[in-house]
Amino acid sequence: MYQALYRSFRPEVFDELLGQEHIEKILKNQIATGTTGHAYVFCGTRGTGKTTTARLLAKALNCTSDGDRPCGQCEACRAIAAGTFIDVQEIDAASFTGVDNIRQLREEVNYPPVTGRNKVYIIDEAHMLTNAAFNALLKTLEEPPANTVFILATTEPNKLPATILSRCMRLDFKRVPEETILGLFKRICKETGVDAEEDALSLIASNADGSVRDGLSILDRCIAGRKSLTRDDVLFLLGMAGAEVYIKITDEVLAGNTGEALTTFAGVLSEGKEVNRFVLDWVEHFRNLMVVKFTEKPENVINLSRENVAKLKAQSDSVNMDDIRRCIETLSKALADARWSPKPRVLAELAIVQMCSGTAVTGIEDASRPAAQPAARPAAAVNRGDSFVRPAAKPAAVEQPAAEEKPPVRTSTLVEPDPVDRKLEDIWYNVMQSEEIPALLRMSGSVLRDIKHGVFTVQLSNEIIKSMLENERPLIEALMEDETGKRLRMEAIVKE
Ligand SMILES: Nc1ncnc2c1ncn2[C@@H]1O[C@H](COP(=O)(O)OP(=O)(O)OP(=O)(O)O)[C@@H](O)[C@H]1O
Ligand SMILES: [Mg+2]
Ligand SMILES: [Zn+2]
């Protein structure tokens, strides 16, 4: 039977764990010196090895090898990997809600291990625990029973009570560097006999945005049923323009290379990207350039891998704020006008030409729109520039004082809203902003089509993105419930 890559490639020993050397070092040392703690919190982005490391630690605490622990070979190690070791329990906090669960855990904790040396409770998605469960846990952590270890794993440590955090050793998992993920991909392709271009694999690695699991699942979908994989295949399969294309076209625009920029743009469209989506994401790119300019540690504010942030940073150093503002305004204008135009592509091309020649937004006046604002008043421009820093991007990002009293507006509100769509767009925007959404999905231009009869319909650009969305069903349905206050079922459709 076929097993997904991210299941078949779960590290069995510390050496296979990627990109978490700081954690590996601490744990290995504790294991070697017998100084492991009673309680740990593993935090960090999705798919970076929290559950995997929890299992490694559980194995090490029960491994019978004389050499490095865990060995991954002994009976205990294998049973833990298979999930059949009685003394190691994995609890999914989301379903661990009942009074009975909690009572049972509190009683059970007092018994010594059955077959192993240590009992280990791995509590996944720990931020989902109920207050009752946290309280029960707290009692146990206050007087930790001998030979029992708790490992709480979570993407949202800020949702754990301080009383719990203060009793645990906290280890923060980092996004895994692109290079490291690329190395893993190369190995996998070699082992599975897929002849893949390095560029193709780099592209996937960069879209994994530091999550090994996301990377593996994109890779899985791209190589399914293939013997070879090119960069073009990946672009086609994912129906997207990679983050790099924005860096490239922006370079071309800023250098005034009109011809090259138009060619790049045409290339993007021929790969199936929608005009408006591309322009919107390009605005987002300029917003990122701006944030990077004003932020000391942009990787904390911008949801991209370190490599992509580094590329952004390099570009942002070579562009001034006036250019950023001018480009954002020109693109926003094109986007707004596209609403009334049967030919959005021409407007986007016109915007590119204008950006290349360094002129401001004047000129794309549309007759069908009453009283369009006189273009590029400097005061208004400052204010608009500011407004691209969304509330989600911590305020530290930009320190310019607001020039006028005006509520913050989000990028997409620059498109004249149509009342119904606006609301759906807002809801979906918020859902997609969640840290837990895979980066590729966030960038893929999904659209919330409607909500009716207890069902919300999401439209995706292709089957791969659709299956990624399906994968996140529980998460997305929960986020939608947060947004709408209603329990809704998700329906995913692919656009013709
Ligand atoms: N640091 C890593 N090194 C090697 N493989 C990894 C790493 N992180 C994740 N993986 C791969 O991704 C899969 C899932 O990882 P894991 O369950 O440990 O992630 P997680 O951090 O617990 O994610 P989540 O927050 O979604 O629970 C693993 O089976 C493995 O294939
Ligand atoms: Mg996990
Ligand atoms: Zn072992």
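Heavy atoms only: backbone and side chains are in, while hydrogens, waters and symmetry mates are out. Indexing begins at 1, ligand by ligand and atom by atom, following the structure's order. These figures come from a predicted structure and were not determined experimentally.
- In summary, R170 and D172 engage in a salt bridge, as defined by a charged side-chain N under 4.0 Å from a carboxylate O.
- Here L216 has side-chain heavy atoms under 4.0 Å from ligand 1, and that is the only part of it that gets that close.
- The angle subtended at the Zn ion (ligand 3) by SG of C77 and SG of C74 is 100°, given to the nearest 10°.
- Of all atoms in ligand 1, numbered sequentially from 1 with element shown, those under 4.0 Å from a heavy atom of L17 are 1 (N), 2 (C), 3 (N).
- Heavy atoms of T155 found under 4.0 angstrom from ligand 1 belong exclusively to the side chain.
- Given atom 3 (N) of ligand 1, the protein heavy atom at minimum distance is L18 N, 2.8 Å.
- In terms of polar-atom proximity, T51 is counted as a contact of ligand 1, with an N or O under 3.5 Å from an N or O of the ligand.
- The protein atom (non-hydrogen) at minimum distance from atom 12 (O) of ligand 1 is R213 CB, 3.4 Å.
- Between atom 15 (O) of ligand 1 and the options L5, T52, I23, D214, the minimum heavy-atom separation is to T52.
- Of the heavy atoms in S211, none comes closer than 4.0 Å to ligand 1.
- Results of the side-chain contact (heavy atoms from CB on, under 4.5 Å) test with T36 over N118, N29, L61 single out L61 as the only residue that passes.
- Salt bridge D426/K423: absent, no basic N to carboxylate O contact under 4.0 Å.
- Taking all heavy atoms of E435, R46, E24, E125 into account, the minimum distance to atom 27 (O) of ligand 1 is reached by E125.
- Of the charged side-chain nitrogens involved, at least one lies within less than 4.0 Å of a carboxylate oxygen, so that E470 and R473 count as a salt-bridged pair.
- Atom 25 (O) of ligand 1 has K50 NZ, 2.8 Å as its closest protein atom, hydrogens excluded (heavy atom only).
- The existence of a salt bridge linking D233 and R226 is confirmed by a sub-4.0 Å separation between a basic side-chain nitrogen and an acidic carboxylate oxygen.
- Ligand 1 places these atoms under 4.0 Å from at least one heavy atom of R10: 16 (P), 17 (O), 18 (O), 29 (O), 31 (O).
- Side chain of T140 to backbone of L138: no donor-acceptor contact under 3.5 angstrom is found.
- The nearest non-hydrogen atom to atom 23 (O) of ligand 1, considering only P11, G47, G49, comes from G47.
- Residue F9 has at least one N or O atom closer than 3.5 Å to an N or O atom of ligand 1.
- With hydrogens left out, the protein atom closest to atom 11 (C) of ligand 1 is V212 CG1, 3.8 Å, a heavy atom.
- Donor-acceptor pairing under 3.5 Å is lacking for the side chains of D199 and S202.
- Using a 4.0 Å cut-off between charged nitrogen and carboxylate oxygen, E472 and R46 count as a salt-bridge pair.
- Atom 29 (O) of ligand 1 has its closest protein heavy atom at Y6 O, 2.4 Å.
- With salt bridges taken as basic N to acidic carboxylate O contacts below 4.0 Å, one links R55 and E90.
- Between E12 and K59 a salt bridge is recorded (basic side-chain N to carboxylate O distance below 4.0 Å).
- The pair R442-D281 does not meet the salt-bridge criterion, since no charged nitrogen lies less than 4.0 angstrom from a carboxylate oxygen.
- Here T51 reaches the Mg ion (ligand 2): one of its N/O/S atoms is less than 2.8 Å from the metal.
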